[in-house]
Amino acid sequence: MRNVAQQTRWIGVRKELRYTFLQISKSLTVLLFLTSQWLSGCAAAGNLRAADTIATPIQEMRFVTLGGVQQWITIRGANRANPLLLIVHGGPGDAQSSSRSTYAVYEKDFTIVQWDQRGAGKTYAQNPNSPPEPERVELDGIELAQYLCQYLAKRKILVLGHSWGSYLAIGMVQRHPELFAAYVGTGQVGSWRANVQAQFDFMLAQSRAANDRKKVELMEAIGTPDPTNAAQYFSWWRMRNPYMARADAKWFEDLMQIVRSDPEFTDAYLKTWGEGMEYSGRTTLNAMLSTELPTTVRVFKVPFLVIQGKEDMATPTSVAVKYFNVVKAPKKKLILIEHAGHFALVTHRDEFLAALVKEVRPIAVKSERQ
């Protein structure tokens, strides 16, 4: 009887073990299925993220119609998803679209748009009788900003104005602030009257220190410069070369080497470039002589940033700082680059790019997410 009872108990244990094993097997099957689904989901999500982060470069150049005339633009960058930075050149007439190697360093973090304005570069060659009147150029710039937002699917773009381009870019931002994530000025224009006086004082001091009697006598005879007298202004300002910032002097030396080595700078193009600058300077002179931004434009609806060479005397840094101080904007930032002059954008590219990446790029990224 005892053996029968033991066998009965053993059969019961075996059934229990079999049932438990089956339950464990079912649980493991479910667990393995869920795990595989989770891993598949992770892989898919990873693939989506990878697709999102794959850089799509852009290298384009063409004429676009702005204000009823064909105008030349270039669009270059390592990733179309990057913030778009429209550079409004100075001069007037100093087109930068052919200087690709000079601006290549900026293309990793920004999509760089160069625009030959009326009276400049390839646009001047196409339209030699279309004067770059400031209001007309500003309207062209707004039309270009609208085109770029649509073409590259951007809510807003960044605009960077250099020298006379800072005046034009400010006009664009004032007219249509909703198109721009931020304004950046370099070689920042302020008050022409203050500009002339600061340059005159600088030149006279430098001429005296160099014991340059010819320049000293000329300037002492003038006494107080007349900011409305262009002929008088150029009579002494044209003698500035020995006293310009060393970085600017070196840039002109480097530019000559670039012109000699870059096949884009053909004799025909250089001729057109020079003629465009002469034409632009002649047709915008009166507007330049009347520039008084500290009085006429103080309030901005977009962030206002100035990245200025500390030794700039073409648009004196002291004048730019005074203008910066009276501006009211949602965000303001002034960055002075040591040992840089009027062309800090090209002579001190590492420092300038670092300032753009730290202070400006986050503003553009945020504007796209809002």
Side-chain angles (χ1 to χ4, degrees), residues 49-60 73-89 96-97 99-115 141 144-162 165-166 168-170 172-173 176-188 300-309 320 324 327 329-338 340 343-370:
R49 284 194 294 272
D52 289 342
T53 57
I54 292 174
T56 306
I58 182 168
Q59 300 287 337
E60 299 180 3
I73 65 168
T74 63
I75 309 173
R76 298 185 174 110
N79 189 352
R80 294 172 69 106
N82 276 336
L84 193 153
L85 180 64
L86 169 61
I87 296 179
V88 183
H89 66 70
Q96 298 292 296
S97 65
S99 302
R100 180 184 178 184
S101 62
T102 301
Y103 293 91
V105 67
Y106 296 104
E107 294 174 12
K108 177 179 178 293
D109 298 286
F110 300 90
T111 297
I112 300 297
V113 177
Q114 297 280 6
W115 162 41
L144 176 57
Q146 292 169 334
Y147 167 82
L148 293 169
C149 284
Q150 181 177 12
Y151 180 66
L152 291 173
K154 302 291 185 183
R155 292 184 68 252
K156 299 182 179 183
I157 69 171
L158 299 164
V159 62
L160 187 156
H162 174 239
S166 68
L168 299 171
I170 283 175
M172 292 161 56
V173 168
H176 279 276
E178 75 281 1
L179 293 171
F180 304 100
Y183 164 84
V184 183
T186 185
Q188 179 61 53
F300 286 75
K301 294 182 179 180
V302 305
F304 178 86
L305 300 96
V306 174
I307 307 174
Q308 187 88 357
F324 176 87
V327 163
K331 173 184 172 66
K332 287 171 55 176
K333 186 72 177 183
L334 173 66
I335 301 166
L336 300 181
I337 299 180
E338 296 285 344
F343 299 98
L345 177 63
V346 293
T347 63
H348 288 67
R349 283 167 282 188
D350 290 344
E351 295 94 325
F352 205 104
L353 176 60
L356 286 176
V357 169
K358 180 181 178 182
E359 302 293 345
V360 181
R361 195 177 191 280
I363 297 173
V365 171
K366 183 178 179 181
S367 74
E368 292 299 310
R369 293 173 178 168
Q370 291 176 341

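The basis for the numbers below is simple: all heavy atoms, side chains too, and nothing from hydrogens, waters or symmetry mates. Computed from a prediction, not measured in an experiment: that's the story for all the values here.
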Novice: Taking ring-ring contact (aromatic ring centres under 6.0 Å, His included) as the definition, give me every residue that meets it alongside Tyr183, ordered by chain and number, with sequence neighbours left out.
Specialist: Phe304
Novice: Taking only residues two or more places apart in sequence or in another chain, which ones pass salt bridge (charged side-chain N to carboxylate O under 4.0 Å, His left out) with Arg80?
Specialist: Glu60
Novice: According to side chain to side chain donor-acceptor pair (under 3.5 Å), who are the partners of Asn82, at least two apart in sequence or on a separate chain?
Specialist: Arg361
Novice: Taking the side chain as everything from C-beta on, heavy atoms only, tell me whether Ile170 gets closer than 4.5 Å to Gln188.
Specialist: yes
Novice: Would you call Leu144 and Met172 a side-chain contact if the rule is heavy atoms closer than 4.5 Å?
Specialist: no
Novice: Taking only residues two or more places apart in sequence, or in another chain, which ones meet Arg100 in a side chain to side chain contact (heavy atoms under 4.5 Å, CB included)?
Specialist: Gln59, Arg76, Glu107
Novice: Of all residues at least two apart in sequence or in a different chain, which pass the ring-ring contact (aromatic ring centres under 6.0 Å, His included) check with His162?
Specialist: His342, Phe343
Novice: Using atom types as modelled and distance alone, determine if a side-chain donor or acceptor of Gln96 lies under 3.5 Å from a backbone N or O of Gln114.
Specialist: no
Novice: Looking at every heavy atom in both Leu179 and Cys149, which two are closest together, and how far apart are they?
Specialist: O-SG, 4.3 Å
Novice: The criterion is side chain to side chain contact (heavy atoms under 4.5 Å, CB included); which residues satisfy it with Pro362, sequence neighbours excluded?
Specialist: none
Novice: Under the side chain to side chain contact (heavy atoms under 4.5 Å, CB included) test, which residues partner Lys331, sequence neighbours left out?
Specialist: Pro303, Glu359, Ile363
Novice: Can you tell which of Leu356, Ile157, Val113, Thr111 makes a side chain to side chain contact (heavy atoms under 4.5 Å, CB included) with Leu85?
Specialist: Leu356
Novice: Got a sec, which residues hit side chain to side chain donor-acceptor pair (under 3.5 Å) with Gln150, two or more places apart in sequence or on another chain?
Specialist: none
Novice: Does Glu338 have any salt bridge (charged side-chain N to carboxylate O under 4.0 Å, His left out) partners at least two apart in sequence or in another chain, and if so, which?
Specialist: Lys310
Novice: Identify, with sequence neighbours excluded, every residue that meets ring-ring contact (aromatic ring centres under 6.0 Å, His included) alongside Tyr103.
Specialist: none
Novice: Run the numbers on Leu160 and Val360 for side-chain contact (heavy atoms from CB on, under 4.5 Å), then give the verdict.
Specialist: CA-CA 10 Å; Leu160 187 156; Val360 181; over 6 Å; no
Novice: If the condition is side chain to side chain donor-acceptor pair (under 3.5 Å), which residues does Ser97 pass it with, not counting sequence neighbours?
Specialist: Asp116
